[in-house]
Amino acid sequence: MITDPQDLQKCSTAELAASACAVRDHVYGNTLTFSPKVFLPITNLCRNRCDYCSFRRSSGDPGEWTMTPDQVIATLDDAAANGCIEALFCLGDTPEGPYPAYRELLAKWGFETTVDYLEWAGIQALERGLLPHTNAGILTRQQMARLRPVNVSLGLMLENISPRMCEPGMPHHKAPDKRPQVRLDMTREAGKLRIPFTSGLLLGIGETEAERIDTLVAIDELHRNGGHIQEVIIQNFRTRPDIAMASSPEPEVDAIVRTVSMARLLLPPEISVQAPPNLNPADAGLLIQAGINDFGGISPVTPDYINHLHPWPVLDQLESECRTAGFELRPRLPIYDRYLVQDDFLDQSLLPFVQQAQRAIEIGNFAWRQRAVA
């Protein structure tokens with residue numbers, strides 16, 4: 001098996017993929033997974049200005065939104081009625097910092113901070129049988145500790161650890177929360193708090209293959225110290241109108257396959273390697289051949305608000321592609337099984353909710369298999 005970072009770059013894509021699939025098949029057998037989720041974009045206000053982002057807004061911009069408590073409840077009710085398991089709460093970075101109108105809106109609803117609102121939203125999700133996973137950008141240790149009792153997992157894409165991405169003319173130059181050390185520090189603190197965590201790499205934003213490898217090696221080190229990285233997303237850049245990178249080329253299929261395969265070979269085998277099927281110009285079969293074992297979240301009730309031009313796959317079709325490749329597609333929880341047998345990785349007050357969700361998955365009544373959300 002090829003594991004040395006320098007050796008990886010010398011290998012052909014076919015060699016990398018074959019080695020990665022051998023590891024995946026040995027650990028996960030013929031099972032591929034996904035998370036039946038609902039996507040709740042709590043607010044798209046964000047202080048960062050990443051050149052590839054079409055999600056973020058400033059206060060007063062066209063298309064700015066913050067979900068009201070009534071909207072949160074209605075969306076969760078719809079998700080529960082349609083067989084969702086995961087409630088993904090996603091939002092821009094530190095919105096209360098630069099936007100006084102947003103702080104006033106929270107106060108009107110009885111919340112002092114975004115974390116107060118997320119804590120309330122997590123409770124609402126749990127009461128409806130949904131397991132919360134929150135990706136709120138940069139959080140302090142104290143904020144993560146607040147959210148831990150109402151979330152089975154948290155997440156933050158590391159994206160890339162190269163400081164070069166933050167230089168003038170590069171995609172993170174106007175994004176203070178994308179400084180590599182800031183993201184490394186938060187991920188490290190999550191490990192100290194024993195929080196199951198999602199990380200990831202953003203592919204195709206001007207980085208080199210060596211910088212992709214460096215980022216995967218950094219994630220590996222974080223996990224070896226904290227034991228908390230449960231999945232790593234290999235997310236490829238997709239161009240769209242009205243962004244600074246609108247004319248930038250998307251990563252080639254070969255680069256996607258190489259990066260997925262490298263992730264499988266560099267990361268410990270217990271970490272799931274995931275690639276979102278709605279973002280890939282390649283079909284699911286090619287992702288499977290690259291060595292993934294997970295497709296991430298797929299929603300029956302909400303679009304991908306971050307990548308709104310790319311609808312989720314129809315589950316029946318994805319299942320068919322998996323069967324053609326010799327695999328079975330199964331739903332999973334937003335907390336991986338190994339963290340359920342280690343008491344310190346799950347707040348014990350959440351255990352009854354997790355057990356309820358496990359029973360729902362065992363029943364497996366997903367009535368939305370033949371439709372996708374645009």
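Hydrogens, waters and symmetry mates are skipped; everything else that's a heavy atom, side chains included, is used.
Ion pair Arg146/Asp116 flagged as a salt bridge, since at least one NZ, NE, NH1 or NH2 atom sits closer than 4.0 Å to an Asp/Glu carboxylate oxygen. Between Asp93 and Arg47 there is no salt bridge, since none of the side-chain N atoms of the basic residue sits less than 4.0 Å from a carboxylate O of the acidic one. A salt bridge links Glu328 with Arg330; the closest basic N to acidic carboxylate O contact falls under 4.0 Å. The pair Arg164-Glu167 does not count as a salt bridge, with every side-chain nitrogen at least 4.0 angstrom from each carboxylate oxygen. One finds a salt bridge joining Lys178 and Glu159 here, because a Lys/Arg side-chain nitrogen approaches an Asp/Glu carboxylate oxygen to under 4.0 Å. A salt bridge links Arg212 with Glu207; the closest basic N to acidic carboxylate O contact falls under 4.0 Å. For the pair Arg332 and Glu231, the salt-bridge criterion is met [side-chain N within less than 4.0 Å of a carboxylate O].
Looking at Glu211, its side chain does come within 3.5 Å of a backbone N or O of Thr208 through a donor-acceptor pair. Between the side chain of Asn278 and the backbone N or O of Pro313 there is no donor-acceptor pair closer than 3.5 Å. Not one N or O on the side chain of Asn48 forms a donor-acceptor pair closer than 3.5 Å with the backbone of Cys50. Between the side chain of Glu250 and the backbone N or O of Ser248 there is no donor-acceptor pair closer than 3.5 Å. With Trp65 contributing its side chain and Leu45 its backbone, the two residues share no donor-acceptor pair below 3.5 Å. In this structure, the side chain of Asn307 does not engage the main chain of His310 through any donor-acceptor pair within 3.5 Å. Not a single donor-acceptor pair under 3.5 Å links the side chain of Arg128 to the backbone N or O of Ile123. A distance-only check finds no donor-acceptor pair linking the side chain of Glu321 to the backbone of Leu318 [under 3.5 Å]. Side-chain atoms of Glu86 do not come within 3.5 Å of backbone N or O of Leu131 as any donor-acceptor pair. Side chain of Arg103 to main chain of Gly97: a donor-acceptor pair is present (N/O by atom type, distance under 3.5 Å, no hydrogens or angles).
Side-chain heavy atoms closer than 4.5 Å link hydrophobic residues (I, L, V, M, F, W, Y) into clusters, and following such links, possibly through other members, connects Ile213 to Ile229. Note on Val232: it does not cluster hydrophobically with Leu202, by side-chain heavy-atom contacts below 4.5 Å among ILVMFWY residues.
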Apply side chain to side chain contact (heavy atoms under 4.5 Å, CB included) to Leu333 and Ser35, showing your working.
CA-CA 6 Å; Leu333 304 179; Ser35 176; over 6 Å; no
Apply the test side chain to side chain contact (heavy atoms under 4.5 Å, CB included) to residues Leu118 and Leu147: give CA-CA distance (whole Å), side-chain angles for both, the deciding distance (0.1 Å), then the verdict.
CA-CA 8 Å; Leu118 288 169; Leu147 292 176; 3.8 Å; yes
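Smallest separation of non-hydrogen atoms from Cys11 and Glu15: CA-OE1, 3.4 Å. Across all non-hydrogen atoms, the minimal contact from Leu91 to Phe55 is C-CE2, 4.2 Å. Taking every heavy atom of both residues into account, Val273 and Arg264 meet most closely at CG2-NH1, 3.4 Å. Taking every heavy atom of both residues into account, Ser247 and Thr239 meet most closely at N-OG1, 4.4 Å. Taking all atoms of both residues into account, the shortest heavy-atom contact from Ala79 to Leu130 is CB-CD1, 4.1 Å.
We find the CG-OG distance between Leu350 and Ser153 to be 10.0 Å, quoted to the nearest 0.5 Å. To the nearest 0.5 Å, atom CD1 of residue Ile233 and atom CG of residue Leu201 are 10.5 Å apart. The distance from atom OG1 of Thr259 to atom CG of Asp254, rounded to the nearest 0.5 Å, is 9.0 Å. Of the inter-residue distances, the one linking Tyr339 atom OH with Asp344 atom CG reads 10.5 Å to the nearest 0.5 angstrom. The distance from atom CG of Leu156 to atom CD1 of Ile138, rounded to the nearest 0.5 Å, is 5.0 Å. Ile73 CD1 to Thr68 OG1: the interatomic distance, rounded to the nearest 0.5 Å, is 8.5 Å.
Counting heavy atoms from C-beta outward, Pro132 and Pro334 have side chains that stay 4.5 Å or more apart. Residues Phe39 and Trp312 meet the side-chain proximity criterion, which asks for heavy atoms closer than 4.5 Å. The closest side-chain heavy-atom distance from Val301 to Thr75 is not below 4.5 Å. In this structure, Arg56 and Asp61 have side chains that are in contact, with non-hydrogen atoms separated by less than 4.5 Å. You'll find the side chain of Arg238 stays beyond 4.5 Å of the side chain of Leu309, heavy atoms only. Using a 4.5 Å heavy-atom threshold, the side chains of Met262 and Leu216 count as touching. By the 4.5 Å heavy-atom criterion applied to side chains, Arg49 and His173 are not counted as neighbours. Contact check for Thr43 versus Met67: no side-chain heavy atoms found under the 4.5 Å cut-off.
Taking the six-membered ring for Trp and the full ring otherwise, the centers of Phe295 and Phe34 sit at least 6.0 Å from each other.
Every ring-ring contact (aromatic ring centres under 6.0 Å, His included) that Phe197 has, sequence neighbours left out, goes to His228. A search for side-chain hydrogen bond (donor to acceptor under 3.5 Å, both in side chains) contacts involving Ser349 returns Asp347, not counting sequence neighbours.
Using bins of under 30°, 30° to 60° and over 60° for the plane-to-plane angle, the ring pair Tyr52/His172 lands in the perpendicular bin. The aromatic rings of Tyr117 and Trp109 sit tilted, their planes meeting at an angle between 30° and 60°.
Heavy-atom neighbours of Glu112 CD from other residues, nucleotides or ligands within 6.0 Å: at or below the threshold of 12. The neighbour count for Glu209 CD, taken as heavy atoms of other residues, nucleotides or ligands under 6.0 Å away, is above 12.
When the options Thr33, Asp294, Asn293, Thr198 are evaluated for a side chain to side chain donor-acceptor pair (under 3.5 Å) with Ser272, the one that passes is Asn293.
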